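So the structure is just underneath, and the comments pick up after that.
Note that the coordinates shown come from a computational prediction; the quantities given were computed from them, not determined experimentally. Whatever order the structure lists ligands and atoms in, that order sets their numbers, starting from 1.
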Amino acid sequence: MLIKRKRGWELPENAATPEHLFLSRRRFAQAFAAGAIAAGPILLPALAATPASAQDKAADPSAKLYPFKQNMRYRLDRPITGEELATTYNNFYEFGSQKNIHKEAQKLPLRPWTIKVDGMVEKPVEIGIDDLMAKMPLEERLYRHRCVEAWSMAVPWGGFAMSEFVKLCQPLSQAKYVRMETFKDPKVAPGQHQTWYPWPYVEGVTIEEANNELAFMVTGAYGKPAPAQNGAPLRLALPWKYGFKHIKSITRVTFTDKQPKSFWEEIQGREYGFWANVNPKVPHPRWSQATEMPLGSKERVPTLLYNGYGEFVADLYKGMDEKVLFM
Ligand code: MTE
């Protein structure tokens, strides 16, 4: 793995900044000492036109459910990103810290797949992804997706409202947060041998955010089951927040009264907070968030407050401290 630590002001205007550069000094030093990180140039991934997914769709029992009916309430102000781009330019650190992990990610077995629901709920359960999908109102939504690294996409996701999932889980009134966890299996995910990362990947939202109409649990993309590299068989989409909140390949959901500490917050809390709402006026400590680069385009476009979804979510944050809301 070739990593060069760059300062924000060294970034070329059109380059995304890989999150693997943001390891805390301590973790970085440990990894460096262990020989896991070598100094060298950043290898910018080619936005290659390779086939989307090698996944055997026939083995996925949910394939026959697609395509879902589109919910017309959620519209885009920009073209949908090409499927090949959206499925070959990914962040999924379990499979490596480069963007081109889509082939490696095919090793993730997507069935059987069970999601454990525990913590402050009426009754802890384990539910298979296909049983869960059978209980949920499935729909397609066109959402923008803005990475903290300043690239963006627009994707037709398939899935169901997170509020429906919360209802199914029957949380107790004391539950204030939803904590989610990705699988941990270094045998299939080589990135998980990198012990300086705090595996498994963890993310969290408040119950109010989970119940906001925009919060969406994703099972599909582009009218079919989502490929492994996009977080199959179950990931989150919170289009008003930076992409690192969109946890992939979820295996556990815990209702809790304690604010969860997320993967990136654990690594570098000064740069990646719990809220992570998009705001063009609040720069990342090392680069501007004023504009973004839509994948497939050559020109940057202005970034929008709450990624353009303020009408749906701004009320959630009334009166809260703006110093933490946007990091
Ligand atoms: N979830 C897991 N489990 N592991 C990851 O490395 N990366 C996050 C998020 N979810 C990540 C993850 C980041 S940084 C981003 S920007 C989005 O996934 C990328 O989603 P995409 O590859 O579908 O565009």
Side-chain angles (χ1 to χ4, degrees), residues 16-23 45 47 52-53 80-105 108 110 113 115 143-159 179-186 188-192 194 197-205 216-222 225-253 260 262-268 271-273 276 278 284 289 292-296 303 307:
T17 305
E19 283 184 344
H20 60 254
L21 302 184
F22 317 149
L23 290 168
L47 298 181
S53 164
I80 290 177
T81 304
E83 182 181 348
E84 287 186 356
L85 266 181
T87 56
T88 56
Y89 188 89
N90 301 103
N91 276 337
F92 202 165
Y93 279 70
E94 284 82 344
F95 295 98
S97 52
Q98 304 293 328
K99 296 290 187 273
N100 59 352
I101 49 73
H102 57 279
K103 288 205 184 98
E104 195 68 36
L108 180 63
L110 301 180
W113 190 277
I115 298 118
Y143 272 179
R144 291 189 295 273
H145 169 31
R146 168 61 157 86
C147 180
V148 74
E149 298 168 349
W151 52 264
S152 63
M153 307 193 213
V155 185
W157 296 125
R179 178 188 184 278
M180 286 149 283
E181 216 176 89
T182 297
F183 70 90
K184 184 172 174 191
D185 186 354
V188 293
Q192 292 184 332
Q194 297 174 326
Y197 286 120
W199 308 112
Y201 200 98
V202 168
E203 259 307 338
V205 292
F216 197 55
M217 300 196 90
V218 170
T219 57
Y222 295 91
Q229 62 269 29
N230 288 101
L234 187 67
R235 73 169 279 169
L236 199 58
L238 306 165
W240 71 100
K241 290 182 181 285
Y242 289 116
F244 66 87
K245 300 288 296 181
H246 302 204
I247 183 171
K248 294 180 170 180
S249 306
I250 299 168
T251 53
R252 184 177 176 192
V253 180
S262 70
F263 181 81
W264 287 107
E265 199 181 356
E266 181 81 38
I267 293 168
Q268 186 51 287
E271 303 192 350
Y272 307 100
V278 175
H284 182 276
Q289 295 290 22
E292 66 202 50
M293 176 65 85
L295 290 189
T303 287
N307 201 21

Shortest non-hydrogen separation from Tyr222 to Gly82 and the atoms involved:
OH-O, 3.7 Å
Give the atom numbers and elements of ligand 1 that come within less than 4.0 Å of a heavy atom of [X].
{"X": "Asn90", "answer": "21 (P), 22 (O), 23 (O)"}
{"X": "Thr182", "answer": "3 (N)"}
{"X": "Cys147", "answer": "16 (S)"}
{"X": "Met153", "answer": "24 (O)"}
{"X": "Gly243", "answer": "8 (C), 9 (C), 13 (C), 15 (C), 16 (S), 17 (C), 18 (O)"}
{"X": "His246", "answer": "9 (C), 10 (N), 12 (C), 18 (O)"}
{"X": "Tyr93", "answer": "5 (C), 6 (O)"}

Does ligand 1 come near enough to Tyr89 that some N or O of the ligand is less than 3.5 Å from an N or O of the residue?
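Between Tyr89 and ligand 1, no N or O pair is found under 3.5 Å apart.
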Would Trp264 count as being in polar contact with ligand 1, using the rule that some N or O on each side must be under 3.5 angstrom apart?
no
Just to be sure I read this right, does ligand 1 sit under 4.0 Å from the backbone of [X], its side chain, both, or neither, counting only heavy atoms?
{"X": "Phe244", "answer": "both"}
{"X": "Phe183", "answer": "neither"}
{"X": "Glu149", "answer": "neither"}

May I ask you to test the Asn91-Lys99 pair for a side-chain heavy-atom distance under 4.5 Å?
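Yes, their side chains come closer than 4.5 Å.
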Taking the side chain as everything from C-beta on, heavy atoms only, tell me whether Tyr242 gets closer than 4.5 Å to Gln289.
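A side-chain contact under 4.5 Å exists here.
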If hydrogens are left out, which of Met180, Arg235, Lys245, His102 has an atom nearest to atom 23 (O) of ligand 1, that is, the closest non-hydrogen atom?
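Nearest heavy atom to atom 23 (O) of ligand 1 lies in Arg235.
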Could you establish whether Phe95 and ligand 1 come within less than 4.0 Å of each other, counting only heavy atoms on the residue side?
no
Say you draw a straight line from [atom1] of [X] to [atom2] of [Y]; how long is it, rounded to the nearest 0.5 Å?
{"X": "Ile101", "Y": "Asn90", "atom1": "CD1", "atom2": "CG", "value": "4.5 Å"}
{"X": "Leu234", "Y": "Ile247", "atom1": "CG", "atom2": "CD1", "value": "9.5 Å"}
{"X": "Phe183", "Y": "Trp199", "atom1": "CZ", "atom2": "CH2", "value": "8.5 Å"}

His284 and Val148: CA distance, side-chain angles, deciding distance, side-chain contact (heavy atoms from CB on, under 4.5 Å) verdict:
CA-CA 8 Å; His284 182 276; Val148 74; 4.3 Å; yes
Among Lys248, His246, Arg235, the one residue meeting side-chain contact (heavy atoms from CB on, under 4.5 Å) with Val218
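It is Arg235; the other options fail the test.
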Check step by step if side-chain contact (heavy atoms from CB on, under 4.5 Å) holds for Glu94 and Leu108.
CA-CA 10 Å; Glu94 284 82 344; Leu108 180 63; over 6 Å; no
